[in-house]
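Reviewing the structure listed below.
Throughout, numbering of the chain's residues begins at 1 and tracks the sequence.
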Amino acid sequence: MAGAFVSRPCARPRHCFILVIVKILWVDDEIDQFKSHLLFLESEGLHVKTASSAHEALDALARESFNLVLLDYRMPGVDGLTLLREIKRIAPHVPVAMVTMMSDKEIMEDAVAAEAFDFIIKPVQPSQIVVLAKKVSSEEVKRRKLGRELSDIYKTLSSLPETYQGWLAKARLLLETRMKIGGEDRSAVDEVLASTNEEFARWMTRNYPRLLSEGHNFSHNILERHMFPVLREGRRAVLFLVDCFRLDQFASFLTTLSSDLRVRITDYMCILPSATSFSRNALFAGILPKEIHARHPGWLDNNQNEQTLLAENLARSGLAGLDFTYRKLNTFEDLKRLSLSDRSLQVYIINFVDLMLHLRHELDVLRALGESVDSLLHWGEFLLRESELAFKVKYAVDRGFTVFITSDHGWVMAERPTVIHGGGDLTPGLRYKFGDSVRLVQNSGVVIRELAEWGLPAVPGAHRLLLATGYSFLVYSTDPRKYERQYKGGVFHGGITLEEVVLPFIRVER
C-alpha cells in the first residue's frame, strides 16, 4: 500500500472508526459540487485532496503518497478507465475505487480487469466513502502487521546457521509461515522460499556426503533412533507412512488430532534422490542405497521388497523374530476399513495420496480440482482427514500403542523446464536421472559424479546423477516445448528442495 500513515485523533472521535488516517485523492471534473461531502469526510478524520482532471491527478500522485483514489469514470478528455490504467502503471499499489452509474456494467467489468479496488455507485454518499476508507485502513493494518511478522521471520531466517539443524529450522519456519498466511500475501513468502531453496541446493551439494558420514538423522537411521527403542522396551508401535506428504501438510493434519494426545516431532531429511525407491527402501532397510544394492542387486528398482528389508533391519537391531504386520493401503477405503491387530509392530503405507496426486495430472477431470500448490496441499489434507487417519491414530493410542507418522519424501509443483541431454541410457524421472551421458544444457540442476560418496550405487550405464533444483522438471533438448506443455503443473519429487527433503517424524502417545 503506497503512502505513509500518520497517527492523529479524529476530529469527531465519538463517531470515528477509521483505524488509521487515510489520504484520499478524489478525481472528478465536477468536484466543486462535493464541498459538503469534503467537509464531512474531514470531520471523520480523512484527509482528502481533489483533482478535476487527469493531468492534475497524475501530478498529485507524482508529488504525494495516497492510500486511496476515488476516480469518476465520466470525465471530459481522458476517461476514467484510461486514467485508471495509467494510475496502476505509476502507482500500482494504490487502490483505486471507480465512481460509476449502476448502468455502467461493461465499464465495471473493464475496471475489474484493470485492477480496480472497488466501486462507488452514483449518487455519491459520503457514508460510502467512509466505509471504503475503513476497508482500506483495515487492509493497511493487516499489511502492517504482516510486514512486521515477515520482518521478524526474515531476521530469524537470516540468523539461523547454514548447518543441518539450521536448515531444518529454516524449512519449518518458512513452510509453517506460508501455511498461516493466506491469499495473495503468500507470494512474499513464496519468493523467499524460492531463493532459500537455491541456497539450500548449493549447500546440500557441497555438504551432503559429509552430513551422511557425520551421522545426522536421515531416512536410513530414523527408525533405529526413534522407533526401535520403543520396541526394545517391550512396548507396541504403529507406523503410518504417508507416501508423498510434506512438512506443512503434516502440520495442518496434526491440528485434527485429539487434544488429549501428546505429540512430539523430530524433523529430519530424507536421502537423495528424494524418490520412493531410494528414500523409502532406505528407511525400512536402515542402510543407504549403495548397501541395499550390494546385498540385493535390483531391489532399488521398485518397492516390492520393503517388508524383507524391514525384517533384516529389525534383526540387525536386536529385534529378530519380532511379530510385525506390513501392509500397503492403496485406496481411500483401505484406510477407512483398517482394523489394527495385536502384533507388536504394525506398519501401514498410505499410498493413495501419492497415487491421487499423480493421477490428477493425467486426468483432466481430476486436474481441474487443483491447479495451484495451495489447492494440492488442501487436497492431500482432505484425503487424510476424510479417510479418518486421525481417528485411527487415537484408536491405536487408546489401545496402548505408540504411534509414529512420517513420509518418505515431499513434493513440489513443476513450474519451468530444465533442459538436459543424454542418450538411451538415462533412467526415467522428471526430478532426477541416472546415466553416463546425462548433462545439463540449460537452467538449474546439479550433476553428481561421486555416487559412492552420496550413498548411491554406481551401476553400469549409470555412473552420473542429475538432480533438479528449485521448481524445475527435466526435459530433453530434442523437443523441450513438447515436454514443457506435457509436464508443467505436475507434482514431482526426487530433487533438492526443502519441500521434498525435510520431513517430520511424529510420535503420538498418551
(request) Measure the shortest side-chain to side-chain distance between Pro289 and Ile271 over non-hydrogen atoms and say whether it is less than 4.5 angstrom. (result) yes
(request) Step by step, work out the side chain to side chain donor-acceptor pair (under 3.5 Å) result for His463 and Glu450. (result) CA-CA 8 Å; His463 289 86; Glu450 302 299 329; over 6 Å; no
(message) Nearest 0.5 Å, please: how far is OG1 in Thr256 from CD in Glu388?
(response) 11.5 Å
(message) Salt bridge or not between Arg295 and Glu312? Use side-chain N to carboxylate O under 4.0 Å.
(response) no
(message) Just checking Phe278 against Phe434, ring centres under 6.0 Å apart?
(response) yes
(message) Taking the ring centre of each residue, are Phe492 and Trp411 less than 6.0 Å apart?
(response) no
(message) I'd like to check Phe228 versus Leu314 (side-chain heavy atoms, cut-off strictly below 4.5 Å). Are they in contact?
(response) yes
(message) So that I can tick it off, tell me whether Asp248 and Arg172 are bridged by a salt bridge, with the cut-off set at under 4.0 angstrom between side-chain N and carboxylate O.
(response) no
(message) Against Ser407, only a single residue in Leu283, Leu503, Ile350, Ile506 fulfils side-chain contact (heavy atoms from CB on, under 4.5 Å); can you say which?
(response) Leu503
(request) Output the distance between atom OG (Ser252) and atom CG (Leu247), rounded to the nearest 0.5 Å. (result) 11.5 Å
(request) Kindly compute the distance separating CD (Glu176) from CG (Leu173), expressed to the nearest 0.5 Å. (result) 8.0 Å
(request) Indicate, with yes or no, if the rings of Tyr268 and Phe218 have centres closer together than 6.0 Å. (result) no
(message) Take a 6.0 Å sphere around CZ of Phe391 and say whether it holds more than 12 heavy atoms from other residues, nucleotides or ligands.
(response) no
(message) Check for me whether the distance between the ring centres of Phe404 and Phe240 falls short of 6.0 Å.
(response) no
(message) For a 4.5 angstrom cut-off between non-hydrogen side-chain atoms, does Ile420 reach Ser477?
(response) no
(message) One thing to verify: whether Arg316 and Glu224 come together as a salt bridge, which I'm taking to mean a side-chain N less than 4.0 angstrom from a carboxylate O.
(response) no
